[in-house]
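See structure below.
Not measured: the values here are computed from a predicted model. Keep in mind that the numbers below use all heavy atoms, side chains included, and drop hydrogens, waters and symmetry copies. We number each residue from 1, following the sequence as shown.
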Amino acid sequence: MKSTLLLTYVLYLSFSAFAEKPSYPADSTKRVVEKMKDILIYQDDRYYAAFPSIVRKPDGEFLLSFRRAPNRRNFGSKGYSHTDPNSYLVQMTSKDGINWSGEPELLYAHDFGGSQDPCLLQLSDGTLLCTSYGWTQISAEDRQNLKVPNFTTGSGYVFLGGYVVRSLDGGGSWKGPYYPPHIQPEINYTPTGNPVPAYNRGALYEGKDGRIFWIVASHDQQSPSKTSNHLLISNDKGLTWQYSCPVAVDNEVVFNEASVYETPKGDVVAFIRTEKHEDQAVIARSTDGGKSFGPWQSMGFKGHPLQAIRLPDDRVLLVYGYRHKPYGIRARILNAECNDFETAEEIILREDGGSTDIGYPWAVLLNENEALITYYFNKENQIRHIAGTVIRF
């Protein structure tokens with residue numbers, strides 16, 4: 001594994017939005033990105049930990065959330081499953097982002113099933129949002145009584161749809177759930193017979209005008225199963241959501257887990273995971289503030305899902321999982337408007353994963369010179385755990 005990664009792009013990281021930007025040499029080729037170390041954030045042989053997200057709170061403390069479920073191999077299972085009746089959202093904190101200790105605390109447990117993929121967003125006023133979605137296990141006999149169509153896994157889990165919880169005290173307590181609206185392309189019903197509320201896994205983004213952008217997925221076809229992406233917008237800090245427009249729709253390609261980002265120019269950019277498209281990451285762009293999106297484009301590389309953060313010089317750190325040999329975690333540095341994705345150099349952060357069941361990276365700034373990329377990982381296809389990579393600029 002390479003310990004040092006050379007980039008052709010200048011990377012400026014600032015500790016806060018109000019910090020003075022440091023002065024760097026004009027020759028960007030003299031700037032070096034160095035991988036400092038990999039860290040173990042959380043591992044417990046009793047649990048399957050996955051799908052992290054992380055923010056830095058105004059007081060400097062880091063808040064990490066992830067999904068934790070029992071390690072069913074301890075109960076005789078031959079493998080791991082992403083659906084579990086005891087799958088809960090948990091959280092941990094760290095003063096420096098490097099040292100993590102103690103047991104995770106419960107963030108939220110859904111009343112009717114297991115939860116997946118907690119996605120944190122910290123708003124400019126300190127409010128925290130966490131989006132998720134759930135599954136409930138129903139017997140084959142009882143599933144015959146459910147309203148159709150519904151989204152059911154082979155192991156008998158039926159999809160509950162998405163929800164949002166909010167915290168006004170830095171994650172000390174959470175209120176909700178608040179259910180987003182059902183969007184018209186979604187064809188499925190919940191086990192209670194209601195239209196599935198909007199859902200997705202991916203980073204939300206607070207725009208400079210205070211609107212919150214959330215790209216959600218929608219099952220728009222049952223056989224073969226296919227999803228498309230659509231934009232929701234909140235004007236009241238995530239309490240309510242309004243449908244805006246389609247983001248990515250295709251007759252064959254499946255679009256699902258998506259992160260959204262607003263550029264300095266005001267473009268709303270979607271970074272999207274696909275299926276039936278050779279695992280290519282794709283990008284879609286709105287130049288009218290989220291009223292409409294232009295045609296989606298392949299980004300020219302494999303990776304899923306993706307997440308983006310802004311750097312002090314307005315360039316973008318884009319991180320993503322790599323579920324092809326060698327399994328690992330990768331990143332790219334895009335320009336401010338995210339339109340050099342085909343030529344941006346790929347940074348290999350990890351290539352020692354034990355199987356395809358890894359990834360879902362989420363980055364946060366540690367200080368003006370370093371960043372932490374969190375993700376879930378396994379070695380030799382063993383216990384799934386939360387790990388991180390620290391890079392210095």
Can you find a heavy atom in the side chain of [X] that is under 4.5 Å from one in the side chain of [Y]?
| X | Y | answer |
| --- | --- | --- |
| Asn71 | Arg46 | no |
| Arg201 | Gln116 | no |
| Cys130 | Leu107 | yes |
| Tyr157 | Pro85 | yes |

Is the side chain of [X] donor-acceptor paired with the backbone N or O of [Y] at a distance under 3.5 Å, no angle test?
| X | Y | value |
| --- | --- | --- |
| Gln91 | Gly171 | yes |
| Gln221 | Pro224 | yes |
| Glu252 | Lys276 | no |
| Asp352 | Gly328 | no |
| Ser234 | Thr240 | yes |
| Arg323 | Ile358 | yes |
| Lys302 | Tyr322 | no |
| Ser167 | Ser173 | yes |
| Glu186 | Asn188 | yes |
| Ser298 | Gly300 | no |

Do [X] and [Y] land in one hydrophobic cluster if side-chain heavy atoms of ILVMFWY residues count as linked below 4.5 Å?
| X | Y | result |
| --- | --- | --- |
| Ile138 | Leu160 | no |
| Met92 | Leu366 | yes |
| Tyr376 | Ile383 | yes |

**OP:** Check the pair Val269, Arg285 against side chain to side chain contact (heavy atoms under 4.5 Å, CB included), reporting the backbone distance first and the verdict last.
**Re:** CA-CA 5 Å; Val269 179; Arg285 182 183 301 267; 3.8 Å; yes
Subject >> Pairs involving residues 210-222, ordered by first then second residue, that meet salt bridge (charged side-chain N to carboxylate O under 4.0 Å, His left out) (sequence neighbours left out) >> reply: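 Residue pairs passing salt bridge (charged side-chain N to carboxylate O under 4.0 Å, His left out), neighbours aside: Asp209-Arg211, Asp220-Lys226.
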Original post:
With sequence neighbours left out, which residue pairs that include part of residues 161-170 fulfil the salt bridge (charged side-chain N to carboxylate O under 4.0 Å, His left out) condition?
Top reply: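 Sorted result for residues 161-170: empty, none.
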Contacts of [X] that satisfy ring pair (Phe, Tyr, Trp, His ring centres under 6.0 Å) - sequence neighbours left out:
| X | result |
| --- | --- |
| His385 | none |
| Tyr42 | Phe66 |
| Tyr243 | His230 |
| Trp362 | none |

Subject >> side chain to side chain contact (heavy atoms under 4.5 Å, CB included) between His219 and Tyr199, worked out >> reply: CA-CA 10 Å; His219 280 88; Tyr199 65 94; 2.9 Å; yes
**OP:** Applying side chain to side chain contact (heavy atoms under 4.5 Å, CB included), run through Glu103 and Asp44 and close with a yes or a no.
**Re:** CA-CA 10 Å; Glu103 278 294 300; Asp44 188 322; 4.2 Å; yes
Closest heavy-atom pair and its distance - [X], [Y]:
| X | Y | result |
| --- | --- | --- |
| Leu89 | Ser115 | CD2-CB, 3.7 Å |
| Ser259 | Ile215 | O-CD1, 4.3 Å |
| Ser292 | Ser286 | O-OG, 2.7 Å |
| Tyr133 | Asp117 | OH-OD1, 3.0 Å |
| His324 | Asp279 | NE2-OD2, 2.8 Å |
| Ile272 | Ala248 | CD1-CB, 3.8 Å |

Within 6.0 angstrom of [X] [atom1], more than 12 heavy atoms from elsewhere:
| X | atom1 | result |
| --- | --- | --- |
| Lys325 | NZ | no |
| Glu105 | CD | no |
| Lys57 | NZ | yes |
| Gln137 | CD | yes |

Original post:
How would you list, by chain and number, every residue that makes a salt bridge (Lys or Arg N to Asp or Glu O under 4.0 Å) with Arg72, sequence neighbours excluded?
Top reply: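 If we apply the salt bridge (Lys or Arg N to Asp or Glu O under 4.0 Å) test to Arg72, skipping adjacent residues, the hits are Asp84.
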Subject >> Under the salt bridge (Lys or Arg N to Asp or Glu O under 4.0 Å) test, residues paired with Glu257 that sit two or more places apart >> reply: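 Residues passing salt bridge (Lys or Arg N to Asp or Glu O under 4.0 Å) with Glu257: Arg273.
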Subject >> Side-chain ion pair, Arg350 and Asp38, N-O less than 4.0 Å >> reply: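 Salt bridge present between Arg350 and Asp38.
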**OP:** Would you kindly say whether Thr343 and Asp340 are connected by a side-chain donor-acceptor distance under 3.5 Å?
**Re:**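 Side-chain D/A pair, Thr343 to Asp340: absent.
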**OP:** Using only heavy-atom distances, determine whether the side chains of Tyr48 and Ser81 contain a donor-acceptor pair under 3.5 Å.
**Re:**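 Side-chain D/A pair, Tyr48 to Ser81: absent.
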**OP:** Please assess Asn150 against Thr152 for the test side-chain hydrogen bond (donor to acceptor under 3.5 Å, both in side chains), listing each intermediate value before the final yes or no.
**Re:** CA-CA 6 Å; Asn150 54 66; Thr152 303; 2.6 Å; yes
Original post:
Any ring pair (Phe, Tyr, Trp, His ring centres under 6.0 Å) pairs touching residues 173-198, not counting sequence neighbours?
Top reply: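 Applying ring pair (Phe, Tyr, Trp, His ring centres under 6.0 Å) to every pair that reaches into residues 173-198, excluding sequence neighbours, yields nothing.
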Subject >> Pairwise ring pair (Phe, Tyr, Trp, His ring centres under 6.0 Å) hits with a residue in residues 261-300, at least two apart >> reply: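 Qualifying pairs, neighbours excluded: Tyr205-Tyr261, Phe255-Trp296, His277-Trp296.
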Subject >> Euclidean distance, Met299 CE relative to Ile283 CD1, rounded to 0.5 Å >> reply: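 Spacing of CD1 (Ile283) from CE (Met299) equals 4.5 Å.
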**OP:** Mind jotting down which residue pairs meet the side-chain hydrogen bond (donor to acceptor under 3.5 Å, both in side chains) criterion with at least one end in residues 326-337? Sequence neighbours excluded, please.
**Re:**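 Sorted result for residues 326-337: Thr263-Glu337, Tyr320-Arg332, Arg330-Glu346, Arg332-Glu346, Asn335-Asn339.
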Original post:
Of the options Ile347, Ile309, Leu306, Ile333, which is the one that meets Leu318 in a side chain to side chain contact (heavy atoms under 4.5 Å, CB included)?
Top reply: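 Checked Ile347, Ile309, Leu306, Ile333 against Leu318; only one passes side chain to side chain contact (heavy atoms under 4.5 Å, CB included): Leu306.
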**OP:** Decide whether a cation-pi geometry holds between Arg68 and Tyr47; the criteria are a distance under 6.0 Å from NZ or CZ to the six-membered ring centre and an angle within 45° of the ring axis.
**Re:**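 That pair qualifies as a cation-pi contact.
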**OP:** Go through the steps for Ile391 and Ile373 under the test side chain to side chain contact (heavy atoms under 4.5 Å, CB included), then give the verdict.
**Re:** CA-CA 8 Å; Ile391 53 177; Ile373 297 98; 3.6 Å; yes
Show me the side-chain donor-acceptor pairs of residues 119-129 shorter than 3.5 Å, one per line, residues at least two apart or across chains.
unit_1, atom_1, unit_2, atom_2, d
Gln122, NE2, Arg56, O, 2.7
Ser124, OG, Glu206, OE2, 3.2
Asp125, OD1, Thr127, N, 2.9
Asp125, OD1, Thr127, OG1, 3.0
Asp125, OD2, Thr127, OG1, 3.3
Asp125, OD2, Lys237, NZ, 3.3

